[in-house]
Chemist: 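Let me begin by handing over the structure; questions about it come next.
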Amino acid sequence: MAELYIRVGEDENEEPMEIPSEDDGTVLLSTVAAQFPGACGLRYRSPASQCMRGVRLVEGILHAPENDWGSLVYVVNYPKDNKRKMDEMDAASAVKMKRGIDRTSDLIILGLPWKTSEQDLKDYFATFGEVIMVQVKRDVKTGNSKGFGFVRFTEYETQSKVISQRHMIDGRWCDCKLPNSKVFNQYAGPDEPMRNCKIFVGRCTEDITTDELRQFFMQYGEVTDVFIPKPFRAFAFVTFSDDQVASALCGEDLIIKGVSVHISNAEPKHNNINQLFSNFPGRSPSLAAMFDRTQYRYPSSHV
DNA sequence: GTTGAGCGTT
């Protein structure tokens, strides 16, 4: 081969760099990539057709067109276009997932007739789509309905439809909305990294055992500890070996044995700003998010 | 046994 080096550039107009060829006249893609990280091939403008042509690439070896690299300038190919689009899609869907934009969440049903049962709710909402969970909130002493409840659907489309209209249930107009406890998560930015591996599991029922919690949370990652306070206090702690697993679960509503439990970070109450904002209807989400970040700068021992 | 624009036994 006459040429020991071929001329390669980022594009046709930029000053090319000379890249060494192998003894047999081929050029290794790895050699190109050493100068142009991420390169996946070469192309050049054909003097004959004036079109861009690809350089033959076989098993990491670039072959000279017509056995001669000549004095053409070769342009580096990157997988960039596809790759970047993929990355953006992944990031976007990850954010969407994390923000719960296309995830279902529990919906509060307001204005239920006192007589409406969970079976009534299930029968009614099943006409919109698959129902995961229904609840009628009742006075613990009397068992009387408090006139509101919750429902959770499998499909986000179902949830959207249900939110968008009023509902005639047992002779009363009812509204379904995102509960206030969800609004924070809807508007908060991406979470700060969590430093701890422990999650708080709220709204547990008394029949949920430590073993069942362990079995359930194993699907997300290695569980190193499960703690249920005695006597019953309607919450539990689950510790993972990986803090990213714990972090990813925070803000979720998960269904365990048909019960919707709420996952949040296991910070002591006095140091958890979520507690301060979570039941305050008029709060500013951005303010809450700002305070939320500050709590991680002053970590205190866990419960 | 009561009620009605409400938010889930941390």
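Below, chains carry the letters A, B, ... as their sequence lines are ordered, and counting in each starts from 1.
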Chemist: Consider the side chain of A:Arg233, meaning its heavy atoms from C-beta on, and name the nucleotide among B:dG8, B:dT10, B:dC7 that approaches it most closely.
Modeler: B:dT10
Chemist: Looking at A:His262 versus A:Phe200, is the centre-to-centre ring distance below 6.0 Å?
Modeler: no
Chemist: From B:dG8, B:dC7, B:dT9, pick the nucleotide closest to the side chain of A:Asn180?
Modeler: B:dC7
Chemist: Tell me the closest heavy-atom pair linking A:Asp225 and A:Arg214, and the distance in Å.
Modeler: CA-NH2, 4.0 Å
Chemist: With heavy atoms under 4.0 Å as the rule, sort A:Leu107 into base, sugar-phosphate or nothing.
Modeler: nothing
Chemist: Output yes if the stacking criterion (under 5.5 Å between centres, under 30° between planes) is met for A:Phe200 over the base of B:dT10, else no.
Modeler: yes
Chemist: How many Å lie between CG on A:Leu110 and P on B:dC7, as a whole number?
Modeler: 8 Å
Chemist: Side chain of A:Asn144 only, heavy atoms from C-beta on: which candidate in B:dC7, B:dG4, B:dT2 is closest?
Modeler: B:dT2
Chemist: Please give, in whole Å, the distance from B:dG6 C1' to A:Trp173 CH2?
Modeler: 19 Å
Chemist: Counting side-chain heavy atoms from CB outward, which of B:dG8, B:dT10, B:dG4 is closest to A:Trp114?
Modeler: B:dG4
Chemist: With a 4.0 Å limit, can you tell me whether A:Lys146 has a side-chain N or O closer than that to the phosphate oxygens OP1/OP2 of B:dT3?
Modeler: no
Chemist: Please determine, by modelled atom types, if A:Glu10 and A:Tyr78 share a side-chain donor-acceptor pair under 3.5 angstrom.
Modeler: yes
Chemist: For A:Gly202, which contact category applies under a 4.0 Å heavy-atom criterion: base, sugar-phosphate, or nothing?
Modeler: nothing
Chemist: Just how far, in rounded Å, is P of B:dG8 from CZ of A:Arg152?
Modeler: 17 Å
Chemist: Once you round it to whole Å, what is the distance between C1' of B:dG4 and CD1 of A:Ile169?
Modeler: 15 Å
Chemist: Can you tell me if A:Phe148 is stacked onto the base of B:dG8, using a 5.5 Å centroid cut-off and an angle below 30°?
Modeler: no
Chemist: May I ask you to decide whether A:Asp106 forms a salt bridge with A:Arg203, counting only side-chain N to carboxylate O separations under 4.0 Å?
Modeler: yes
Chemist: Rounded to the nearest angstrom, tell me the gap between atom CG in A:Asp139 and atom C1' in B:dG6.
Modeler: 15 Å
Chemist: Using 30° and 60° as the class limits, which term best fits the ring planes of A:Trp69 and A:Tyr74: parallel, tilted or perpendicular?
Modeler: perpendicular
Chemist: Nearest heavy atom decides the nucleotide; on that basis, is A:Gly147 or A:Met133 closer to the 5' end of DNA chain B?
Modeler: A:Gly147
Chemist: So that I can tick it off, tell me whether A:Lys115 and A:Asp170 are bridged by a salt bridge, with the cut-off set at under 4.0 angstrom between side-chain N and carboxylate O.
Modeler: no
Chemist: Quick one: A:Phe235 CZ to B:dG8 P, roughly how many Å, whole number?
Modeler: 16 Å
Chemist: Give, for atom CD of A:Gln165 and atom NZ of A:Lys161, the distance between the pair rounded to the nearest 0.5 Å.
Modeler: 4.5 Å
Chemist: Locate the shortest heavy-atom distance separating A:Ile6 from A:Val27; write the atom from each residue and the value.
Modeler: CD1-CG2, 3.8 Å
Chemist: Nearest whole Å is fine: how far is B:dG8 C1' from A:His262 NE2?
Modeler: 10 Å
Chemist: In whole angstrom, what separates A:Ile132's CD1 from B:dG8's P?
Modeler: 21 Å
Chemist: For A:Asp253 and for A:Gly111, locate the closest nucleotide of DNA chain B by heavy-atom distance; then report the residue assigned to the nucleotide nearer the 5' terminus.
Modeler: A:Gly111
Chemist: Give me the residues of residues 120-127 of chain A where at least one heavy atom lies under 4.0 Å from an atom of DNA chain B, by number, or none.
Modeler: none
